[in-house]
Number of protein chains: 2
Amino acid sequence: MPEPSRRSPRKAKGAGPERREEILAAALRLFGQYGLYGVSTRQIAQAVGVSQPTLYAYFASKDEIATELHVRAFRELEGRLRTGARDPESPDDVAVALRIYVDFGLENPDAYRVAFMFEGQHGQDMPEHPDVSASGHAAFGILRHMIAELQARHPDGGRDPDGLAQSIWAGMHGLVSLLIARPGFPWTDREQLIDRHVRMLADMAMAR
Amino acid sequence: MPEPSRRSPRKAKGAGPERREEILAAALRLFGQYGLYGVSTRQIAQAVGVSQPTLYAYFASKDEIATELHVRAFRELEGRLRTGARDPESPDDVAVALRIYVDFGLENPDAYRVAFMFEGQHGQDMPEHPDVSASGHAAFGILRHMIAELQARHPDGGRDPDGLAQSIWAGMHGLVSLLIARPGFPWTDREQLIDRHVRMLADMAMAR
DNA sequence: CGCGATCATCGATCACTGATCACTTATCAC
DNA sequence: GTGATAAGTGATCAGTGATCGATGATCGCG
């Protein structure tokens, strides 16, 4: 017995980490559908099948639920980028990574909303949760690294990979967030729009 | 006396339309500082110097206050674009318009938030407030028109001005919304970032 | 088996939110 | 004066996020 007096893991009905996951799943669905401020903790609790105070046994606040979803979304994105991103030989390789980004956002609009289209909070006071900041920077770091790598291989290209990466990231985020937020807008052919947008931004990594 | 039985305009202390403007001014300042959901109607009322129910004599709801600010902001944007946008001879003229767009967003972050980065609502059910939608589309229409005009003058450029305008708009929106939503991010020099971003997107209006 | 200890859970409740209503107050025309 | 009318308010409502003490259920241990 390596641990002298370990606490005993209760089994109960659906207690433990599973409850936590249930709560997160319900919250993700509800937040994505009705928005963070359009969903009450009581609604989340009801969707899970527990009472409202129970949520506070797993999370310190409603905001912490949203933050956890936020962090997970970034981790998921980071994983996809790490898997799909090669060492960039040409802008086309960058385009592949950008496409991964778009697909992730459109496939997980709920998570993307919670992650990027947040309201207020971040404004001034809140220094932004460390994990949130870290997971976000990690995903962004992959993109930045790709662009820096590409520019290094082609010294005739532009400089300042940091600023360029931020520009390209912003360009991607704009398209994804608008496609999600305004499905009723008379967009031109979606696939063509995305494809051209991605290629344009990827080409920017070398132009000038 | 053209009007048979007109209602008598009360003077009182600060009644009438002026009160309405005071409320809007206070709400704009508070919303911008603490966010829409970080400000209560009681705080707004206190800032104006009236009781909370008084607000409901001028506005049907807190949301209506935000909507009014939203519509006004977009009218302002539309006006700025109309004033500052010339018939585009070159991408530089488009860049000027884009720069107006960015400056507007950064100067009116809360209005911009309510306009584009809203939560839920637009999702499915709500058909989006007519005035809001109209003012938004009007501003976008100016940009689209500029790009179509530029392409028409230089037939060697690309086609599909609609799709291109959407791409450029998305690119602008992405930068503005991220700069607003994530002030804590280690952005490179802001002015340089914006300037290059704008020029890049403007150049896209003719490339290929 | 029984008996604390422990932990998940819940009803009750708090301060606060947006919104409503009956009531008072102040100003007007006459 | 007097009534009419609009402006403004205190009291209050249902619903919110969050807290707390009590209730069980489950465990290791005798």
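Lettering of chains follows the sequences in order, A, B, ..., and the numbering in each one begins at 1.
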Using a heavy-atom cut-off of under 4.0 Å over every strand shown, decide if A:V39 touches base, sugar-phosphate, or nothing. sugar-phosphate
Base, sugar-phosphate or nothing for B:T54? Non-hydrogen atoms, less than 4.0 Å. base
Quickly work out the [X] [atom1] to [N] [atom2] distance and round it to whole Å.
X	N	atom1	atom2	answer
A:I23	C:dC10	CD1	C1'	14 Å
A:I65	D:dA18	CD1	C1'	12 Å
B:L55	C:dT20	CG	P	12 Å
B:I44	D:dG8	CD1	C1'	17 Å
B:Q52	D:dT12	CD	C1'	11 Å
A:K62	C:dT17	NZ	C1'	12 Å
A:R19	D:dT26	CZ	C1'	15 Å
B:F59	C:dT20	CZ	P	15 Å

Check this one for me: any side-chain N or O of [X] less than 4.0 Å away from OP1 or OP2 of [N]?
X	N	answer
B:Y56	D:dG8	no
B:S51	D:dT9	yes
A:S40	D:dG15	no
B:Y37	D:dT16	no

Does a side chain donor of either A:Y112 or A:H173 reach within less than 3.5 Å of an acceptor in the other side chain? yes
Run the side chain to side chain contact (heavy atoms under 4.5 Å, CB included) check on B:M172 and B:V198 step by step: do they pass? CA-CA 7 Å; B:M172 294 302 305; B:V198 163; 4.1 Å; yes
Please give me the minimum heavy-atom distance between [X] and [Y], naming the atom from each residue.
X	Y	answer
B:P109	B:I180	CA-CD1, 3.7 Å
B:A139	B:L81	O-CD1, 3.8 Å
A:A47	A:A26	CB-CB, 4.0 Å

D:dG15 base to A:R42 side chain: any donor-acceptor pair below 3.5 Å? no
Looking at the side chain of A:P53, which of D:dT9, C:dG11, D:dA7 is the nearest nucleotide? C:dG11
I want to verify a distance call: between C:dG18, D:dG17, C:dT9, whose nearest atom is closest to the A:Y58 side chain? C:dT9
